[in-house]
Undergrad: 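Here it is, the structure, as structure tokens.
Residue numbering restarts at 1 for every chain, and letters A, B, ... go by the order of the sequence lines.
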Amino acid sequence: MTQEFYPFKDIEAKWRKRWEEMGLFKMQQDSPKKKYYCLMMFPYPSAALHVGHGRNYIIGDSVVRYKIMRGYNVLSPMGFDAFGLPAENAAIKNGIHPEISTLNNIKTMRRQFDSWGAGYDWDREVVSCLPEYYKWTQWIFLQLYKKGLAYKKKASVNWCPSCQTVLANEQVIDGECERCSSQVTLRDLEQWFFKITEYSQRLLDDLQLLENWPERVKLMQKNWIGRSQGVEIDFKVKDSDIILRCFTTRVDTIYGVTYMVISNEHPAIPELIKDAPDKKEIEKFVEETRKENAADRIGADIEKRGVFTGKFVINPVNNKAVPLWIGNYVVIEYGTGAVMAVPAHDQRDFEFAKKYGLGIEVVIDNPKDPLDAEKMKEAYIEEGVMVNSGKFNGIPSLETIEKIADFMEEEKIGKREVHYKLRDWLISRQRYWGAPIPMIYCDKCGIQPVDEKDLPVILPKNIKFKPHGESPLKNAPEFVKVKCPKCGGGARREIDTMDTFVDSSWYFLRYLSPKEDKKPFNKELVNKWLPVDQYIGGVEHAILHLLYSRFIVKVLYDMGYIGFKEPFAKLFTQGMITKNGIKMSKSRENVVSSDGLIEKYGADTVRLYTLFISPPEKDAEWSDRGVEGAWRFLNRVWRLMEDSHQPSAISRQLDEKGSDLKRKTHATIKKVTEDMEGTFHFNTAISAIMELVNETYDYIGLKPEACGPELREAIQTVVILLAPFVPHVAEEMWQKLGNKESVFNAEWPMYDKNALSQNTIEFPIQINGKLRSKIEAPSAAGEDEIKKLVLKDQIVIKWLEGRTPKRIIIVKGKLVNLVV
RNA sequence: GGGCGAGUGGUGGAAUGGCAUACACGAUGGACUUAAAAUCCAUUGGCUGCAAGGUCGUGAGGGUUCGACUCCCUCCUCGCCCACCA
């Protein structure tokens with residue numbers, strides 16, 4: 001024995017240099033090989049990465065290396081999502097310019113990627129905070145503006161008092177800012193929006209194209225888009241010209257309407273109550289509950305309250321007049337802000353009606369237990385049979401939804417309509433560290449877009465960072481002052497910057513021509529390489545980033561800039577790594593740094609453990625003990641290389657033990673290949689390799705002096721199958737086995753079906769479903785032969801106690817069950 | 001409140017209708033060593049038994065089946081996403 005542990009430090013340095021020299025991770029421009037675009041979500045540059053971050057890149061790198069070995073022309077780029085609040089907040093705190101800290105962090109991260117052995121085509125790096133990149137983010141804004149998909153409006157928006165900025169709905173979690181957890185309040189401000197709602201239906205429909213996305217993610221997007229189909233119905237306000245339109249998905253309950261309730265933000269309120277005797281009180285209610293809307297939006301449970309307007313509305317199906325209320329439980333943004341209330345069949349309406357003594361009218365009866373409006377304790381929301389519904393009485397309620405909708409459309413008193421929960425994407429931020437929105441305000445010409453040839457609108461560097469509710473850019477006169485692109489007169493620039501989700505919704509196009517300065521991306525190249533074959537990232541991006549990217553790609557497709565409708569063909573979302581049961585974070589002081597572990601055990605050990613810890617889509621708890629296990633395993637494999645175990649080259653007949661080892665070798669190839677092609681279950685792939693190593697040792701132990709060529713095959717297979725997971729040590733061992741080329745130029749092994757077959761099979765024997773015995777039978781044996789063998793078995797005879805089995809079930813190649 | 005997912009040894013997990021607990025961690029005992037580390041060997045779900053074995057066992061209860069961790073129904077617990085969406 002030469003050394004106690006394998007010399008990982010030398011090995012890892014050596015092979016990293018070699019891969020660099022051979023350009024292992026460089027995409028080949030004109031290669032006949034099939035393309036494979038493997039993309040990891042580009043990270044926000046943060047100072048210290050931990051093993052939880054590492055998981056993403058280790059998974060991705062293993063896939064990349066596997067695909068290289070399978071003979072693909074692989075594109076594996078990396079970049080940085082470099083704009084954003086944390087760098088700016090840090091600048092406010094310690095005075096270091098965001099650009100400096102960000103670029104520093106990028107350097108550190110590149111070193112850490114390298115230390116994990118994660119390989120990228122670094123010539124293609126994109127950094128979203130650099131003008132050569134954000135120039136084209138601004139260009140994308142202008143394209144959306146041109147198409148009428150970027151617009152400005154005054155809106156009641158989520159405001160984070162701590163970050164001093166507006167947040168998108170998606171960035172408000174339980175009423176708190178997703179970044180700093182401050183309570184979010186509401187403010188009315190002029191904001192830029194992207195009209196993503198124009199794409200609601202297509203974003204929903206095209207989910208069907210994404211066969212290789214996790215169902216869970218597709219479902220989350222579907223729910224977020226929130227399509228609901230229903231009917232819009234106009235209710236006339238009695239003794240007035242006002243018409244209130246409401247939306248319902250339960251038009252079958254229309255005859256059960258006993259009142260109508262509108263949002264406290266409904267625009268018709270002033271007109272409706274102008275002559276009301278208790279106008280003051282109504283106004284007071286409206287004002288009070290409007291304030292609560294902010295609290296409501298943050299998820300607090302607010303008691304349902306309402307006030308009678310003094311007006312009545314006419315139900316168009318039966319001309320009944322029902323009272324009109326203003327309520328705090330109607331959301332102005334959804335539907336029409338007015339709801340027809342059916343207390344008998346909607347729980348919210350039921351509670352409200354009980355509280356204010358409003359009528360309850362049953363129109364869908366429970367066939368098993370007829371309802372009595374007086375005695376109901378809660379709304380009846382199941383299906384049933386129509387009652388009190390004019391000509392629809394007696395029909396099952398499910399059928400009447402369509403029938404009543406038809407009837408209302410014929411009578412022109414209602415119209416089928418579709419509503420979505422998806423809101424337009426608010427993209428302006430009152431912050432410095434982002435791409436400036438390329439718009440100009442001229443007193444004469446109004447809002448003007450910056451001319452495309454004047455891009456980029458450079459973010460000035462000399463700036464004061466104190467936040468005060470407006471973009472810090474306001475205090476940079478040399479930035480703000482500009483000439484109007486239309487009339488040439490004095491004008492001022494937009495001082496808001498863009499949401500960083502805009503930066504990240506197109507970066508995957510930029511990797512194909514990162515240095516191109518005439519256009520954002522090369523149409524021919526992106527059409528060749530996109531959609532991305534495999535996208536890998538955290539499930540926390542299941543809604544925002546993935547939805548926005550899909551939207552931008554569809555817009556670019558519609559404008560003819562690209563030829564594909566969806567950016568990511570296949571998506572893999574990996575789970576979190578936890579420590580003490582919770583997500584690793586600096587503030588919780590449970591971070592496991594990868595640097596120390598790599599110093600102690602080397603990158604391959606950290607990689608192996610990370611992949612072995614659990615199925616990669618699941619969350620997993622980090623264990624330092626487990627790392628040691630991975631370390632021991634690699635050393636155990638390393639020792640297989642020792643001279644004393646080198647097999648003799650003399651070829652001879654395969655004996656039984658030798659063919660067992662050969663079978664295991666080929667079964668392992670099969671298993672690992674299937675895991676890599678299917679589920680990415682690296683944990684079971686690695687277990688299978690461990691089993692092969694164990695069997696190889698058993699084989700050597702049995703006949704150390706007479707090992708056949710199947711030993712060499714086994715060892716060579718172990719090394720090549722391990723290569724995607726533990727690339728450095730695999731390379732070194734590959735070389736030690738006498739191979740001249742890199743293991744990544746070697747062909748991935750194919751399993752031999754013949755090697756998997758065996759002469760005899762062991763059949764477990766169950767009696768009444770319980771395992772009682774086992775027999776050996778020739779694998780070619782027919783049912784009769786197996787039956788005979790089973791009935792001769794001593795243990796079977798003992799259990800049968802002289803009885804004859806009623807049935808004998810033989811599952812081919814698997815087991816035998818006797819029913820007594 | 002709605003939707004989705006999960007629940008298996010002391011621990012991470014394996015098995016998706018056919019031998020439950022592969023593989024690994026941990027633990028216990030042993031070999032080697034002056035000693036330790038490393039390595040190697042053995043044992044390791046519960047109960048019962050000297051043993052062979054028996055018996056129970058995949059959150060709980062029921063069902064389908066020759067056979068259920070796996071499929072169906074009811075319930076419990078945890079996690080994630082959405083949430084006054086009409």
Side-chain angles (χ1 to χ4, degrees), chain A residues 1 4-5 173-174 214-217 219-224 226-228 230 246-251 253 260-261 263 293 296-297 299-304 327-331 333-342 345-349 351-352 419-421 539-540 542-543 575-576 581 608-609 612-615 617-630 632-633 635-636 639 681 683-694 697 701 762-774 795 805-820:
Chain A
M1 189 181 277
E4 220 158 315
F5 302 120
I173 318 265
D174 288 338
E215 286 304 318
R216 185 162 83 101
V217 173
L219 199 64
M220 277 162 74
Q221 293 221 347
K222 188 181 163 205
N223 291 340
W224 190 262
R227 181 184 204 270
S228 59
C246 73
F247 174 70
T248 182
T249 55
R250 288 294 307 275
V251 72
T253 64
M260 177 182 250
V261 57
S263 164
N293 286 5
D296 184 14
R297 201 171 300 193
D301 244 338
I302 286 181
E303 200 200 338
K304 285 177 188 50
N328 66 343
Y329 71 100
V330 179
V331 184
E333 291 93 350
Y334 184 73
T336 59
V339 177
M340 57 172 234
V342 186
H345 306 294
D346 181 284
Q347 189 56 26
R348 290 157 306 181
D349 298 342
E351 285 167 26
F352 194 85
H419 283 276
Y420 301 89
K421 289 179 197 168
V539 74
E540 66 273 20
I543 298 172
M576 241 180 358
L608 187 73
Y609 174 64
F612 185 60
I613 187 168
S614 83
E617 71 277 10
K618 280 174 67 175
D619 290 350
E621 172 75 12
W622 186 266
S623 142
D624 287 339
R625 294 276 200 186
V627 181
E628 270 178 59
R632 279 205 292 265
F633 171 73
N635 277 293
R636 196 164 140 83
R639 285 193 301 273
H681 279 188
N683 57 328
T684 51
I686 291 167
S687 308
I689 300 171
M690 285 173 168
E691 285 182 48
L692 176 57
V693 169
N694 290 345
Y697 267 105
E762 192 188 52
F763 278 91
I765 300 171
Q766 296 181 333
I767 294 173
N768 290 335
K770 284 198 195 281
L771 179 72
R772 295 301 180 192
S773 181
K774 284 179 183 186
I795 300 171
K806 271 190 228 160
R807 250 177 98 184
I808 301 178
I809 293 147
I810 298 173
V811 185
K812 226 182 153 198
K814 282 215 173 129
L815 99 175
V816 180
N817 189 17
L818 307 182
V819 187
V820 182

Undergrad: Write down the distance separating the C1' atoms in C69(B) and G59(B), rounded off to the nearest Å.
TA: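 After rounding to an integer number of Å, I get 12 Å for this pair.
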
Undergrad: Figure out the CD1/P separation between I810(A) and G18(B), and round it to whole Å.
TA: 18 Å

Undergrad: Please name all residues satisfying side-chain contact (heavy atoms from CB on, under 4.5 Å) with V811(A), sequence neighbours left out, ordered by chain then number.
TA: I809(A), K814(A), L815(A)

Undergrad: Within the structure shown, what part of the strands sits under 4.0 Å from I809(A) by heavy-atom distance: base, sugar-phosphate, or nothing?
TA: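 Result for I809(A) = base.
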
Undergrad: By the rule that syn is within 90° of 0, classify the base conformation of G9(B) as syn or anti.
TA: syn

Undergrad: Does K770(A) have a side-chain nitrogen or oxygen under 4.0 Å from the phosphate oxygens OP1 or OP2 of G57(B)?
TA: no

Undergrad: Out of curiosity, F633(A) CZ to M690(A) CE, how far, rounded to the nearest 0.5 Å?
TA: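 So the CZ of F633(A) and the CE of M690(A) are separated by 5.0 Å.
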
Undergrad: Assess the residue pair N694(A) and R636(A) against the criterion (side chain to side chain donor-acceptor pair (under 3.5 Å)); give the C-alpha distance rounded to whole Å, side-chain angles, the decisive distance to 0.1 Å, and a yes or no.
TA: CA-CA 9 Å; N694(A) 290 345; R636(A) 196 164 140 83; 2.7 Å; yes

Undergrad: Across nucleotides 19-30 of chain B, 5' to 3', mark each nucleotide with B, S or - according to how protein heavy atoms within less than 4.0 Å reach it.
TA: B--BBSSS----

Undergrad: Taking atom C1' in both C25(B) and U44(B), compute the distance separating them and give it to the nearest angstrom.
TA: 13 Å

Undergrad: Looking for any heavy atom pair under 4.0 Å, which part of the strands does K304(A) touch: base, sugar-phosphate only, or nothing?
TA: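 If one applies the 4.0 Å heavy-atom cut-off, K304(A) turns out to touch a base.
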
Undergrad: Counting Watson-Crick and G-U wobble pairs whose two distances are both under 3.5 Å, find the runs of 3 or more in a row that involve RNA chain B.
TA: B:1-7 with B:76-82, B:10-12 with B:23-25, B:26-31 with B:39-44, B:45-48 with B:53-56, B:59-63 with B:71-75

Undergrad: Round to a whole Å and report the spacing from CZ of R772(A) to P of G67(B).
TA: 14 Å

Undergrad: Which part of the nucleic acid, if any, lies within contact of R227(A), taking any heavy atom under 4.0 Å across all strands shown: a base, the sugar-phosphate backbone alone, or nothing?
TA: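 R227(A): no heavy atom of the nucleic acid under 4.0 Å.
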
Undergrad: For A620(A) and R807(A), take the nucleotide of RNA chain B holding the closest heavy atom to each; which residue's nucleotide lies nearer the 5' end?
TA: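 The answer here is A620(A).
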
Undergrad: Just how far is it from atom OG1 of T249(A) to atom NE2 of H419(A), taken to the nearest 0.5 Å?
TA: 10.5 Å

Undergrad: Measuring only the C1' atom in each nucleotide, how far is C84(B) from C80(B)? A whole number of Å is fine.
TA: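 Going atom to atom, C1' in each nucleotide, I get 22 Å.
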
Undergrad: Pick base, sugar-phosphate or nothing for V819(A), based on heavy-atom distances below 4.0 Å to the nucleic acid.
TA: sugar-phosphate

Undergrad: On a whole-Å scale, what distance lies between the C1' atoms belonging to G54(B) and A15(B)?
TA: 25 Å

Undergrad: Over how many whole Å does the gap from E621(A) atom CD to C78(B) atom P extend?
TA: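 It is 19 Å, rounded to the nearest whole Å.
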
Undergrad: Expressed as a whole number of Å, how far does the P atom of G49(B) sit from that of U43(B)?
TA: 22 Å

Undergrad: Just call it for D346(A): base, sugar-phosphate, or nothing, with non-hydrogen atoms closer than 4.0 Å on any strand.
TA: nothing

Undergrad: Can you tell me how far P of A6(B) sits from NZ of K618(A), to the nearest Å?
TA: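 In whole Å, A6(B) P lies 8 Å from K618(A) NZ.
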
Undergrad: So Y329(A) and F352(A), would you call those rings parallel, tilted or perpendicular, with 30° and 60° as cut-offs?
TA: tilted

Undergrad: Check each of S687(A), P615(A), S614(A) against H681(A) using the side chain to side chain contact (heavy atoms under 4.5 Å, CB included) test, and report the only one that passes.
TA: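 With H681(A) as partner, S687(A), P615(A), S614(A) yield a single side chain to side chain contact (heavy atoms under 4.5 Å, CB included), made by P615(A).
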
Undergrad: If we count only N and O atoms by modelled type, under 3.5 Å, do the side chains of Y609(A) and D624(A) hold a donor and an acceptor together?
TA: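 Judged by distance alone, the side chains do not pair up.
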
Undergrad: Say we look at G7(B) and C71(B): how far apart would their P atoms be, to the nearest angstrom?
TA: 10 Å

Undergrad: Roughly, in whole Å, what's the span from CZ in R216(A) to P in G2(B)?
TA: 20 Å

Undergrad: Grab the OH-C1' distance between Y609(A) and G13(B) for me, whole Å please.
TA: 11 Å

Undergrad: With the side chain of P615(A) defined as its heavy atoms from C-beta on, choose the nearest nucleotide among A14(B), C84(B), C82(B).
TA: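 For P615(A), the side-chain atoms sit closest to A14(B).
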
Undergrad: Distance between the P atoms of A37(B) and G26(B), in whole angstroms?
TA: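 Nearest-Å result for A37(B) against G26(B) at atom P: 13 Å.
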
Undergrad: Please report the closest heavy-atom contact between G626(A) and S623(A), naming both atoms and the distance.
TA: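 G626(A) and S623(A) have their closest heavy atoms at N-OG, 2.9 Å.
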
Undergrad: Once you round it to whole Å, what is the distance between P of C80(B) and CH2 of W224(A)?
TA: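 One finds 17 Å between P of C80(B) and CH2 of W224(A), rounded.
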
Undergrad: To the nearest angstrom, how far is N223(A) atom CG from C4(B) atom C1'?
TA: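 Nearest whole value for this atom pair: 9 Å.
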
Undergrad: Would you say Y329(A) reaches A86(B)'s phosphate, i.e. side-chain N/O to OP1/OP2 under 4.0 Å?
TA: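 Result: no.
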
Undergrad: Rounded to whole angstrom, note down the C1' distance from C76(B) over to U21(B).
TA: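 That atom pair is separated by 24 Å.
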
